[in-house]
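Have a look at the structure below before the remarks.
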Amino acid sequence: VGMPATISKSMQASQRRERFREYMRKLNPTAPAKLAIDSGLVVEDLHRSLFKTLAARADLEPGSQQLLVGGTGSGKTTELLMAEKWLEQQGQTLCLYIDISSETDLSGFNSGALLAGFGLHLARAFSRKGFEDDLDDATKGALKGARREIEGFAFGIIKSFLAGPVSPDRKTGVLFVKKRTPGKLSPPFPALQRDIEAILKPLEVFITAVQARSLDVVVIFDGLDRLPSPDRFWAVVDQDFRALRQMRVGVMAAAPQSVLYGQGRAVSEHFDRVHQIRALSPDPEADGYLKSVLAHRGGTDLLGQEVVELICKGSGGVLRDLITLARDAGEAAYIEGAEQILAEHAIAAIKQLGGSYLRGLGPDQIGILWRLKKERSFDVAAGPNIELLVTGRVLEYSATDFRVHPALEPLLPELESK
C-alpha cells in the first residue's frame with residue numbers, strides 16, 4: 001500500500017524544518033560563547049591559537065597583565081574563555097572569568113568596581129572548590145570576616161549608631177538608627193568614590209589561602225570593551241589593575257578598540273602584553289579561515305560554494321557578521337520554501353546587514369567613508385574616524401589597511417557636493 005501524498009508531503013516538510021532548525025542552532029550569532037566552545041563549534045586556530053598565547057603568559061609570569069583589543073564581534077570573548085579553559089586544564093591556577101558588564105552598570109563604572117567583582121568571585125570559587133574543608137577554625141574565621149568585608153565593599157553596608165530618643169529594637173532592646181552606605185555594585189546608582197585600600201586586606205586573606213595550595217590566581221575581565229569612553233577604562237587601569245598587580249594576581253582583560261587610537265597614553269606602558277584581533281581577510285585567496293568557521297558549524301550542509309564565497313566577502317571578515325549573514329540567508333531560504341540557500345538569499349542578507357550599518361550616519365560620516373573608499377585615506381587619530389572604526393563601519397586589516405565594510409559600501413548614498 002503506497003503512502004498517501006498528504007502524509008508524504010508532511011514528512012518532507014518536517015524533515016526540511018529539522019534541517020533548517022539544526023542549521024540555525026549552530027549558526028546563532030547571539031549564543032553564549034561558552035556554549036559554542038562546549039559544543040565543539042569553535043575553530044581554535046582561527047587567530048593562530050591566540051588563547052594559548054594569552055594563557056601561556058599568565059601561566060609563566062604570575063601577576064602579568066595582558067590586554068585584548070578588537071572590534072565588536074571579533075571573537076574576544078571566545079579567546080578569553082578558551083584561555084580560561086586551557087589554564088584550568090593545567091591544574092596550577094585558580095582562574096576566574098568575570099563579565100563585568102553583567103555585574104554592574106557600566107555607565108556609572110568607577111575605580112573599585114573591578115576589585116569588588118573580583119573579590120565576590122574569588123570568595124565564591126574558594127567555597128565552591130571546597131578549599132575551606134581542611135582549614136583550621138582560626139583560618140576559617142579570618143576568611144568569614146574577609147568575605148563579609150568584601151560583600152560590604154561591593155554591595156554597601158548598614159551601620160548601627162547609638163542614638164538619642166528613639167524606640168529600642170524589639171529583639172535586642174538597643175537604641176540605634178540605621179544608615180545605608182551604597183556599594184560598588186548596586187546599579188543603577190553610581191558607586192561611591194572609596195579608597196581601594198579598604199578592600200586589599202580582605203582580598204589578600206583569600207589570595208594567601210589560595211597560594212598556600214600552590215595555586216596562582218588569574219582573573220579575566222570581559223565586558224570592559226563596552227565602556228562608554230576610553231577615559232573610564234584608564235581610570236580603572238590606574239587604580240584596580242595597579243592593586244591587582246600589587247597582589248600578584250594575573251589579569252587578562254578585553255578593552256575598547258578606541259584605547260589604541262587618538263590622544264592619550266600608550267597602552268603598552270600599562271600592560272605586559274597587548275593583543276589585537278583584527279578582521280580576517282575576506283579576499284578569495286585568503287578566506288580559508290572564514291570558510292572553516294562555516295564548515296565547522298555545519299553551514300555547508302545548506303550552503304553551496306558560491307553562496308559561501310558571497311557570505312565570506314559580505315562579512316568583511318568579522319566573525320559575528322559572518323555567522324549573522326549565514327543565519328539570515330537560511331531564514332530567507334526557509335521562508336521561500338527553498339531546499340538550499342541560494343545566492344539571492346545571501347545577497348538579501350548582505351543588503352540587510354549593510355542597511356543596519358547605514359542607519360544613523362550623517363553627511364560628515366558618509367563623506368569620510370567616501371574618501372576612504374576612493375582614496376584609501378583614513379586618519380585613525382581623528383575622533384569621527386575612531387567612531388566609525390569602533391562601530392564596525394570601517395574595518396582594520398593591518399596598521400595601514402582600512403576599508404569600508406563591504407556590506408555597507410554599495411549602499412553609501414552619493415554626496416551632494418563632489
For Gly360 and Gln365 the tightest heavy-atom approach is O-OE1, 3.7 Å
Can a salt bridge be assigned to the pair Lys26 and Glu22 using a cut-off of 4.0 Å between side-chain N and carboxylate O? yes
Atom CD of Glu306 with >12 non-hydrogen neighbours under 6.0 angstrom: no
Which heavy atom of Gln257 sits nearest to which heavy atom of Val390, and what is that distance? OE1-CA, 3.9 Å
Would you check, one step at a time, whether the test side-chain hydrogen bond (donor to acceptor under 3.5 Å, both in side chains) holds for Asp136 with Thr139? CA-CA 6 Å; Asp136 57 59; Thr139 305; 2.9 Å; yes
Side-chain (Trp370) to main-chain (Pro413) donor-acceptor, under 3.5 angstrom: yes
Pairing of Arg57 and Glu61 as salt bridge, 4.0 angstrom limit: yes
For the backbone of Pro202 and the side chain of Glu149, can you confirm whether one donor and one acceptor N or O come within less than 3.5 Å of each other? no
Residues Lys34 and Asp38 bridged, charged N to O under 4.0 Å: yes
Please round to the nearest 0.5 Å and tell me the distance separating atom CG of Leu388 and atom CZ of Phe402. 12.0 Å
Got a salt bridge between Arg245 and Asp272, using NZ or NE/NH1/NH2 to carboxylate O under 4.0 Å? yes
Ser74 side-chain N/O to Gly71 backbone N/O, donor-acceptor pair under 3.5 Å: yes
Spell out, as yes or no, whether a donor-acceptor pair under 3.5 Å connects the side chain of Ser39 to the backbone of Leu41. no
Assess whether atom NZ of Lys144 is packed by more than 12 heavy atoms of other residues, nucleotides or ligands within 6.0 Å. no
d(Glu84 CD, Phe51 CZ) to nearest 0.5 Å is 12.5 Å
Before giving the answer on side chain to side chain contact (heavy atoms under 4.5 Å, CB included), spell out for Leu319 and His47 the whole-Å C-alpha distance, their side-chain angles and the decisive distance to 0.1 Å. CA-CA 11 Å; Leu319 292 182; His47 299 290; 3.9 Å; yes
Basic-acidic side-chain contact under 4.0 Å: Arg21, Glu18: yes
Can you tell me if NZ on Lys291 sees more than 12 non-hydrogen neighbours from other groups inside 6.0 Å? yes
Please determine, by modelled atom types, if Asp222 and Tyr97 share a side-chain donor-acceptor pair under 3.5 angstrom. yes
Regarding Thr53 and Arg48, is there a side-chain donor-to-acceptor distance under 3.5 Å anywhere? no
Atom CG of Asp134: over 12 foreign heavy atoms under 6.0 Å: yes
Atom NZ of Lys373 with >12 non-hydrogen neighbours under 6.0 angstrom: yes
Without hydrogens or angle criteria, can the side chains of Ser101 and Arg226 be said to hold a donor-acceptor pair below 3.5 Å? yes
Donor + acceptor pair across side chains of Tyr261, Asp379 (<3.5 Å): no
Yes or no on side chain to side chain contact (heavy atoms under 4.5 Å, CB included) for His275 and Leu50, after CA distance, side-chain angles and deciding distance? CA-CA 8 Å; His275 310 268; Leu50 173 59; 3.6 Å; yes
Will you find, in the side chains of His121 and Glu103, an N or O donor that is under 3.5 Å from an N or O acceptor? yes
From His345 NE2 over to Glu336 CD, what is the distance, rounded to the nearest 0.5 angstrom? 3.5 Å
Identify the two heavy atoms, one from Ser315 and one from Pro406, that lie closest to each other, and give their separation to 0.1 Å. C-CG, 4.4 Å
CG-CD1 distance between Leu96 and Ile220, expressed to the nearest 0.5 angstrom: 8.5 Å
Any chance the side chains of Arg19 and Gln340 put a donor and an acceptor closer than 3.5 Å? yes
Got a donor-acceptor contact below 3.5 angstrom from the Ser102 side chain to the Asp99 backbone? yes
Pairing of Arg393 and Glu387 as salt bridge, 4.0 angstrom limit: no
Is a side-chain N or O of Ser356 found less than 3.5 angstrom from the main chain of Leu353, in a donor-acceptor match? yes
Can we say Asp401 and Arg403 salt-bridge, meaning some charged N sits less than 4.0 Å from an Asp/Glu carboxylate O? yes
Are Glu132 and Lys140 close enough for a salt bridge, meaning some N to O gap below 4.0 Å? no
